[in-house]
Each structure stands twice: as structure tokens, then as C-alpha cells.
Amino acid sequence: MTQIAILGFGTVGGGVAELIDLNRKAIESRLGEGLYVKRILDLRDFPGSPYADRITHDFEDILSDPEISIICETMGGKEPAYTFSRKALERGISVCTSNKELVAAHGPELLEIARKNGCNYLFEASVGGGIPIIRPMNTSMAPEDITSIMGILNGTTNYIMTRMEHAGIGFEEALKEAQEKGYAERNPEADVEGHDACRKIAILSSLMCGRTVRYEDVPCEGISSVTVNDFRYARAMQMAIKLLGTSKRDSEGNFFVRTAPYLVPASNPLHSVEDVFNAVYVHGNTVDDLMFYGRGAGKFPTASAVVSDVIDCARNPGHTLACKWEPEIMKLSDPAEEVFRYFVRLDKAEEKKAAAAYAGAMMLEAPEGVTGECALLTGPMTEKAFSEASAGLQVLSFIRMLG
Ligand SMILES: NC(=O)c1ccc[n+]([C@@H]2O[C@H](COP(=O)([O-])OP(=O)(O)OC[C@H]3O[C@@H](n4cnc5c(N)ncnc54)[C@H](OP(=O)(O)O)[C@@H]3O)[C@@H](O)[C@H]2O)c1
């Protein structure tokens, strides 16, 4: 019997405990032995819960228990999660986490401590919730030269965008709906301003290049300025608008990483990913395109990813699983040099000026319900050339098109 502890008995931590009970037989048959949740750390007591007798408020109870070999860190935030994870790894106790904030900030350092102490720091649940993506990148895609990753990495924003597209409602109304359904936090900033997706694409990009892509270095835009009219034009062009994390490396060695809303053509599989679902589309030089799709959040999907890591640790006692992510900072290419086509909306009075400024642009017909403005789709141009061309114009909004 492998004995484990859970730090943080909230949505994910509670899901981990329940899942281990619910799927006890399946876990036993695959692992060859059972998993037992021996202690749970939380700030609160949980009277009436079947786990009430295992709750502790003192991390030392867990750290000093020689029977506990794996910890699930599902408390979130940087502290005390960082200190607790570090202390556990230094004692040779493996840590499986859903905490993307901590992984994005301290991932390579905690991986190194795990390596030195013959244990594991695993973080499958930190990106894409229940979708297996970290393990496939470390194992199945190990022979690949991964050249691009694009992902819908935040379920809250994807739900909002889906409602804006299909119900024709504005951002504020769609956000309110997401909050009422429990998909968005009361303070939705981390989701709608793109910070959550940005951390996740930074983690995936780090695994892609084996060095550290700092999320602070990744240009990040959210969805709060996307409007109903943007969706009207997108629909007329048979495209969707999605908040994406993108990471691509070209043959000249340029490495661009970005989080922003994109126009996604119908030919791209990300186009049809709707509601709270997430998807990650990866290109390897020999395997070609791979798509990973599923629930990016929620109690059981996220707990499933955490427990999959626990099982990996239990199968490999004293052995550190391969994960190439060095602390060396990866220098990203100048975002001003990245090339896109841009969908631009302007005041109607700017039509002639805009056609001249964005040479070769395709002028778009106003869809039903849009008045007093004009729009166009530029040819491929760098960000720098685009901002120079836009300088003298009253641009209402612009959205990059996924190439
Ligand atoms: N929910 C999801 O669907 C999901 C999906 C993917 C990843 N994640 C990540 O998973 C982590 C946990 O998310 P969650 O939704 O489960 O959060 P949550 O429901 O708020 O659970 C966190 C739990 O940890 C407890 N906690 C916080 N600080 C503590 C401390 N110092 N000592 C002991 N216990 C402490 C909290 O207690 P109090 O309630 O008393 O503060 C709460 O019970 C986060 O990093 C999140 O980003 C969540």
C-alpha cells in the first residue's frame, strides 16, 4: 500500500481523495497495490467528512511521517506551497501538483531538487486540467523536434468566447453567466486578462525547448476588449475567435511565444473546441500534428491528472522520471518581428486612409448588424510594420489571424 498526503482539501484536493476511493479497484489492478490517503493538510476542519480524522493543520505531521512517500500539492498559490514542496522533495518525498502558478515560477528549481533526492516533481494537472499533455511531451514526444504548440488553455475564457459567438451577447454578460455557472472566479482577472493561459504556455514552451521560458517575458493579451462586432465579422469569414497560447520556433531559430485572442480558420482543429473544453495542438517534425482535447478544469478531471502522477511516482520508487527543463532562461525573439495577418476594425471615415496604409489588404463587407465602421484583413506583416501602418489611424480593434 502506497501512503500519500494531500495539501489543500479544496476542489482538486477533495477530488483526489474521492477519486482514490471511487476508482480503488482500477488503481489497485493497474498499480499492483492500493493507494491510501493518510493525512490531509488544510486550514479548516471538515466535521462530518469521511476524511475528518485524517485532517491536520501542521505540515510537520506529514513531513515527519516515514510512511508517506508522495504528496499531492493542491493548495495553490506560491506560499506556503513552495516551501512545503521544497521541504518534501529535500526529504525524498515526491510531489504531484496542480499548481500552475508555482510550476511556472519555480518548476526547474523544484525538478532539480527532486533529481538530487531521487524523487519526482510532477505537474500533469498544471496545464490542461484532465488532458494528458505533460507526460506525452516527456515520453511519447521524446524523439520529436517540437516546432509549434498552440492551445486553448483556459476553460473560463473559452466558455465566454463560445457564448459571445453563439448567443451574440457582449463580454460583460457572458462573464456574468460564467460566474453564475461557477466557471469564472468572482475576481476573473487571471483568466480574462490571459495570465492563466500565459503561465500554461510558458510551462509548455519550457518543455518544448528544455530551458526556462519566463511567463513575464511572454506578451500577454486577454479577451476583455473583444466585442460582438468582432464575432459578427469572424462568423462572416467562417472563423472563430479563441484565446490561445502559442509557441513556435522557425528554421532561422526564432522562438516566438504569445498569449492573445486569435482568429481561427475553420480548417484548424482548434476552431471547433467550445465551451469549457481545452485543447493543445502540437507539431513534431516527424510525428506531424497531434491534438490533445478534454476538460481543462473541474474537480475530477484535474484530480485524475494528479492521481496519474501519483501512480507514476508509486511505480517508480527511488527513480526520477525524465523531464528536460533546465533553469537557464530561454531568450525569446523580439515579438515585434513576428509575422501575422491582422483583422482590423476602424471608423467608417477611415476607410480610404486604411486601404492606403495597409497596402494589399482585403476590405471586408460589413456583416448584418454592423454600421458606422469598416474592416479589413491585412496581408502578412510583422508586428512592427503593423503598428507603423496603424499609427495615424483610429483603429477600433485588431485581432491576429492564426496562420
Ligand atoms: N479547480 C480546478 O478546476 C483547477 C484546475 C486546474 C488546476 N487547478 C489548480 O489547483 C490548485 C487548487 O485549486 P482548487 O480549485 O482546488 O482551490 P481551492 O478549492 O481553493 O482549494 C485549495 C484548498 O487549500 C487550502 N489552503 C490554502 N492555503 C492553505 C494553507 N496555507 N494551509 C493549508 N491549506 C490551505 C484552502 O483552504 P481555505 O479554503 O480555507 O482557504 C482550500 O481548502 C490551484 O493552484 C489551481 O490553480 C485548479
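Only this structure's heavy atoms are used, side chains among them; waters, hydrogens and symmetry mates stay out. Counting starts at 1 for both ligands and their atoms, in listed order. Just so you know, these numbers come straight off a predicted model, no measurement behind them.
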Short list, please: which atoms of ligand 1 are under 4.0 Å from a heavy atom of [X]?
X	result
F9	23 (C), 43 (O)
N99	45 (O)
K100	7 (C), 8 (N), 47 (O)
G8	23 (C), 24 (O), 25 (C)
T74	12 (C), 22 (C)

Under-4.0 Å heavy-atom contact with ligand 1, by part of P80 that carries it
side chain
So which bit of T302 gets within less than 4.0 Å of ligand 1, heavy atoms only: side chain, backbone, both or neither?
side chain
Please report which non-hydrogen protein atom sits nearest to [atom], along with the residue it belongs to and the distance in Å to one decimal place.
atom	value
atom 35 (C) of ligand 1	L43 CG, 3.7 Å
atom 39 (O) of ligand 1	R44 NH2, 3.1 Å
atom 7 (C) of ligand 1	S98 O, 3.4 Å
atom 4 (C) of ligand 1	V12 CG2, 3.7 Å
atom 43 (O) of ligand 1	D42 OD2, 2.7 Å
atom 21 (O) of ligand 1	G10 CA, 3.2 Å
atom 45 (O) of ligand 1	G76 CA, 3.2 Å
atom 26 (N) of ligand 1	M75 CB, 4.1 Å

Working to the nearest 0.5 Å, report the span between CH2 of W325 and SG of C209.
10.0 Å
First locate atom OG1 of T320, then atom CD of E112, and finally report the distance between them rounded to the nearest 0.5 Å.
10.0 Å
Can you tell me which residue among T259, I201, I203 is in a side-chain contact (heavy atoms from CB on, under 4.5 Å) with L153?
I201
Donor-acceptor pair, side chain of [X] and main chain of [Y], under 3.5 angstrom:
X	Y	result
T212	R214	no
Y281	I149	no
R345	C374	no
R249	I146	yes

So is G298 polar-close to ligand 1, meaning N/O to N/O under 3.5 Å?
yes
Looking only at distance, does K299 have an N or O less than 3.5 Å from an N or O of ligand 1?
no
Hey, is [X] close enough to [Y] for a salt bridge, meaning N to O under 4.0 Å?
X	Y	value
E326	K324	yes
R258	E338	yes
E337	K384	no

Please confirm whether E101 approaches ligand 1 to less than 4.0 Å, judged on its heavy atoms.
no
Quick check on atom 17 (O) of ligand 1 - does any protein heavy atom sit closer than 4.0 Å to it?
no
Please tell me if atom 24 (O) of ligand 1 is touched by the protein, where touching means a protein heavy-atom distance below 4.0 Å.
yes
Does E365 CD have over 12 foreign heavy atoms under 6.0 Å away?
no
For E33, does the CD atom sit with more than 12 other heavy atoms under 6.0 Å from it, leaving out its own atoms?
yes
